[in-house]
Amino acid sequence: MKRVLPPLILIAVLLGGWEIACRALAVPPYLLPAPSAIATAFVGAWPLLLTSAWTTLSTALVALVISSLIACALALAVSLNSQLEDAVRPIAVTLQVTPLVAIAPLVTIWAGIDHPGRAVTGLAAVVAFFPIFSGALTGLKAADPDLARLFDLYSATPWQRLVRLRLPSAVPALLEGHKVATGLAVIGAVVAEFVAGSGGTQGLAWRILEAYNRLQTAKVFAAVLTLAILGVALHALMELAERRLLRAWRGR
């Protein structure tokens with residue numbers, strides 16, 4: 001309760017101040033709706049928001065799986081060859097720092113105008129790729145030198161080194177990379193739908209655009225609230241999984 005109560009009190013105070021200010025200043029609802037109006041819009045549009053949240057979540061999860069498979073396989077190959085790492089890392093960094101909106105039109109064209117879902121999934125996978133790749137590569141190279149010398153002493157084969165030393169050593173960094181990538185996959189799916197979506201993928205971003213075009217600001221806030229709840233829930237699940245897996249990892 002000591003950890004939960006202070007943020008709840010702060011949120012209640014902020015929402016109360018927001019409500020009082022909107023009513024006292026007679027702020028137009030299209031400009032800034034009061035929290036009560038947002039709650040009403042949230043409850044009224046809940047079935048539609050839930051469907052859109054599932055669309056966004058499923059897209060993000062598919063993108064996360066795709067980026068995880070590609071990033072882990074590439075990190076494993078790169079960790080075994082320093083020259084390959086020198087060749088791949090600049091490309092990966094360049095891909096990470098390139099704005100998503102810059103490559104979205106290209107990905108939309110390559111995926112096909114009639115398949116916006118593919119474009120959104122691909123763009124979300126691009127966003128989630130680098131944290132997993134970086135975490136996997138860092139973890140694979142983070143084996144304890146003393147353990148490495150012990151493996152030398154026992155004349156371990158390269159396969160034994162990989163399976164019994166390098167992969168177990170990479171677990172913490174892999175988990176951290178996936179935790180970061182999970183949030184980025186959701187962000188990437190939303191941003192990609194803003195940029196490349198056309199209504200064929202009616203996720204939360206589409207609900208925001210739809211309400212915005214009609215000046216239904218309360219519904220915009222309701223969709224943003226749904227997105228925030230989705231992100232917090234995913235982050236909490238990843239943290240829980242990380243704690244459980246690391247507890248087992250440290251025990252071994």
Side-chain angles (χ1 to χ4, degrees), residues 56-100 102-104 106-108 110-112 115 117-145 147-148 151 156-189 191-192 196 234-235 237-246 248-250 252:
T56 299
L57 176 62
S58 59
T59 300
L61 292 180
V62 170
L64 184 65
V65 171
I66 294 173
S67 60
S68 178
L69 292 175
I70 296 176
C72 289
L74 186 59
L76 180 59
V78 164
S79 67
L80 299 175
N81 190 319
S82 59
Q83 293 182 343
L84 184 59
E85 179 181 359
D86 293 337
V88 170
R89 183 177 282 276
I91 299 176
V93 173
T94 302
L95 188 64
Q96 174 66 17
V97 300
T98 302
L100 186 65
I103 62 174
L106 292 174
V107 177
T108 304
W110 295 335
H115 302 284
R118 297 178 184 177
V120 174
T121 302
L123 289 167
V126 169
V127 175
F129 170 81
F130 187 77
I132 301 176
F133 173 76
S134 180
L137 185 58
T138 300
L140 288 169
K141 297 170 65 177
D144 188 340
L147 288 177
F151 273 66
T157 63
W159 177 252
Q160 289 173 327
R161 286 176 177 274
L162 177 64
V163 174
R164 299 188 178 183
L165 177 61
R166 302 184 71 180
L167 286 178
S169 299
V171 168
L174 270 173
L175 292 174
E176 182 65 25
H178 279 80
K179 184 172 70 173
V180 174
T182 301
L184 290 179
V186 175
I187 295 172
V191 174
L234 279 177
H235 184 76
L237 286 175
M238 289 301 296
E239 278 200 337
L240 179 61
E242 184 183 30
R243 285 198 302 269
R244 295 287 178 85
L245 292 173
L246 283 181
W249 179 82
R250 292 191 180 100
R252 295 180 61 188

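All residue numbers in this chain count up from 1 along the given sequence.
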Minimum heavy-atom separation for [X] to [Y], with atom names?
{"X": "A75", "Y": "A136", "result": "CB-CB, 3.6 Å"}
{"X": "L140", "Y": "S79", "result": "CD1-OG, 3.6 Å"}
{"X": "A181", "Y": "A128", "result": "CB-O, 3.5 Å"}
{"X": "P90", "Y": "A87", "result": "CD-O, 3.7 Å"}
{"X": "G139", "Y": "A170", "result": "C-CB, 3.4 Å"}
{"X": "A185", "Y": "A124", "result": "O-CB, 3.7 Å"}

How far does [atom1] of [X] sit from [atom2] of [Y], to the nearest 0.5 angstrom?
{"X": "L147", "Y": "R166", "atom1": "CG", "atom2": "CZ", "answer": "13.5 Å"}
{"X": "T59", "Y": "L123", "atom1": "OG1", "atom2": "CG", "answer": "11.5 Å"}
{"X": "E242", "Y": "E176", "atom1": "CD", "atom2": "CD", "answer": "5.0 Å"}
{"X": "I70", "Y": "F129", "atom1": "CD1", "atom2": "CZ", "answer": "7.5 Å"}
{"X": "T56", "Y": "L61", "atom1": "OG1", "atom2": "CG", "answer": "10.5 Å"}

Practice task
Compare all side-chain heavy atoms of M238 with those of H235 and state whether any distance is below 4.5 angstrom.
Solution key: no
Problem - Contact check, side chains of L57 and L234, non-hydrogen atoms, under 4.5 Å - result: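 With C-beta onward as the side chain, the pair touches.
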Problem - Audit row: V93, F130, side chain to side chain contact (heavy atoms under 4.5 Å, CB included) steps and yes/no - result: CA-CA 8 Å; V93 173; F130 187 77; 3.9 Å; yes
Problem - From V180, L175, L174, residue fulfilling side chain to side chain contact (heavy atoms under 4.5 Å, CB included) relative to H178 - result: L174
Practice task
From the options L64, L184, I187, select the one residue that forms a side chain to side chain contact (heavy atoms under 4.5 Å, CB included) with V127.
Solution key: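 Between V127 and the candidates, side chain to side chain contact (heavy atoms under 4.5 Å, CB included) is satisfied uniquely by L184.
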